[in-house]
2 protein chains.
Amino acid sequence: MVHGDHGAALPEAFPDKLSTSALAQCAATGRALTTLRREVLAIFAGAPRPLKAYEIVERLSTPSRRVSPISVYRSLDFLIEIGIVHRLATQNAFVARDRDRAQDETLVFMICQCCGDVDEAVLPGMTRSLAATADAHGFRSRGHSIELQGECEDCRSALANPNRRG
Amino acid sequence: MVHGDHGAALPEAFPDKLSTSALAQCAATGRALTTLRREVLAIFAGAPRPLKAYEIVERLSTPSRRVSPISVYRSLDFLIEIGIVHRLATQNAFVARDRDRAQDETLVFMICQCCGDVDEAVLPGMTRSLAATADAHGFRSRGHSIELQGECEDCRSALANPNRRG
DNA sequence: TTCAATTGTGTTACAGTATAACATTACAAC
DNA sequence: GTTGTAATGTTATACTGTAACACAATTGAA
Ligand SMILES: [Zn+2]
Ligand SMILES: [Zn+2]
Ligand SMILES: [Zn+2]
Ligand SMILES: [Zn+2]
């Protein structure tokens, strides 16, 4: 983070939507939204930015309860499987999003190198475009990771105008 | 790798093209293609598949010469900067490609989960499409990572037809 | 020539990320 | 109750990447 902590984000009505999505997915797939998994999800709900696995470990651990990294990774894997959490491969970090993923939605993550914020987008044409490309190469695609690095709007205006009142 | 080691790849005339590209980039940017960097590049030249950083460490090390991970990472960073090597974020691995990258070419990597092979493609529309998306979100993109996971053609036909002569 | 300044490497140690292997619990089905 | 499955606990370890500082080589002045 190069300059101040502008760029707050949306920690509000987040939890409910996430949990709702998660429960729906669990019901659909016959798996359980256990305590641990809910706890992990709750941490995401309150987090405006991507979380590192070991941050989650820390936040879940107390003097009387040491949560192990592998437990967290297992919960993350689960939440990724049901489509609630996404791994940001370029950051070794994770975000929770509750888009009602219509089968093939191609998510693009835009990651601000300055403040760490992550925004996401769905490119309508992208899914077809990627599928066509894969096809042309005889490749059967089963998943993808699309991440942009750069600067978010807030950070750009902050850089252009470091102190608000000249 | 689930089944046999089909899917050989192109280790042939590779080295020269890579080195040529690298030298050109160095000349253009006033940096040096040192011995270590050339050695790393040479390992890529002979490798049909992505390399892990510590694989390179091993291959460069001998009883009398222990190359340290950080030296390898530094060389990798350099080769990435000049555009010869790409990091596959989802694999923690690296590939060398010598595409004469016209400024904005948007590379898409297709990574076979079965044999580990990596193919690449350039989507003509992609660069504009991503730029438009970023714009719409006020995001200034400075780099990206686009990776597909799936199965390559060879692996699919091998799976469909495990033993070649029924 | 000697003196920076820059670039690249060596060396050591360490931080950060992720998983293996096996024991244990919880719960449902038979 | 026993069996099977899903999930978690526990311990240890493997894998990935970097910090910090010393050293060497190059270049371009003073
Ligand atoms: Zn910022
Ligand atoms: Zn920002
Ligand atoms: Zn295969
Ligand atoms: Zn394959």
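Lettering of chains follows the sequences in order, A, B, ..., and the numbering in each one begins at 1. Bear in mind the structure is a predicted one, so any value in this text is a computation, not a measurement.
- For the pair B/Ile56 CD1 and D/dC15 C1', the computed distance is 15 Å after rounding to whole Å.
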Base-contact (B) and sugar-phosphate-only (S) positions in nucleotides 14-26 of chain C, heavy-atom cut-off under 4.0 Å, - elsewhere: ---BBBB------
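- Cluster note: B/Ile70 groups with no other residue, as no ILVMFWY side-chain heavy atom lies under 4.5 Å from it.
- How far CZ of A/Phe109 is from OG of B/Ser145: 12.5 Å, rounded to the nearest 0.5 Å.
- Applying the side chain to side chain contact (heavy atoms under 4.5 Å, CB included) criterion to A/Leu23, with sequence neighbours excluded, gives A/Leu33.
- Relative to the axis of its first five pairs, the axis of the last five pairs of the helix from C/dT1-D/dA30 to C/dC30-D/dG1 sits at 10°, rounded to 10 degrees.
- Taking the side chain to side chain contact (heavy atoms under 4.5 Å, CB included) definition, one finds that A/Glu55 meets it with A/Leu51, A/Lys52, A/Arg59, sequence neighbours left out.
- Checked against side chain to side chain donor-acceptor pair (under 3.5 Å), A/Thr34 has no partners two or more places apart in sequence or in another chain.
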Between the protein and nucleotides 24-26 of chain D, list every N/O to N/O distance that falls short of 3.5 Å.
none

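- For the salt bridge (Lys or Arg N to Asp or Glu O under 4.0 Å) condition, the pairs that include at least one residue of residues 27-42 of chain A, sequence neighbours left out, are A/Arg31-A/Glu81, A/Glu39-A/Arg65.
- Without hydrogens or angle criteria, A/Arg156 side chain to B/Gly138 main chain gives a donor-acceptor distance under 3.5 Å.
- Using a distance-only test at 3.5 Å, with no hydrogens or angles considered, no donor-acceptor pair links the side chain of A/Ser129 to the main chain of A/Gly125.
- Atom CZ in B/Arg66 sits roughly 16 Å away from atom P in C/dA13 (whole-Å rounding).
- In the hydrophobic clustering, where aliphatic and aromatic side chains (Ile, Leu, Val, Met, Phe, Trp, Tyr) are joined below 4.5 Å either directly or transitively, B/Leu148 groups with A/Val108, A/Met110, A/Leu123, A/Met126, A/Leu130, A/Phe139, A/Ile146, A/Leu148, B/Val108, B/Met110, B/Leu123, B/Met126, B/Leu130, B/Phe139, B/Ile146.
- Listed by first and then second residue, the salt bridge (Lys or Arg N to Asp or Glu O under 4.0 Å) pairs involving residues 130-151 of chain B are A/Arg142-B/Glu151, A/Glu151-B/Arg142 (not counting sequence neighbours).
- B/Phe78 places its CZ atom 10 Å from the C1' atom of C/dG8, with the value rounded to the nearest Å.
- For B/Leu51 and D/dC15, the CG to P distance is 16 Å, given to the nearest whole Å.
- A heavy atom lying under 4.0 Å from DNA chain C marks the following residues of residues 31-41 of chain B, by number: B/Arg31, B/Ala32, B/Thr34, B/Leu36, B/Arg37.
- In this structure, the side chains of A/Arg49 and A/Val95 stay at 4.5 Å or more apart for every pair of heavy atoms.
- Here the options are A/Thr35, A/Val85, A/Leu79, the test is side-chain contact (heavy atoms from CB on, under 4.5 Å), and the partner is A/Val40; only A/Leu79 passes.
- Take B/Arg128 and apply the salt bridge (charged side-chain N to carboxylate O under 4.0 Å, His left out) test, not counting sequence neighbours, and it matches no residue.
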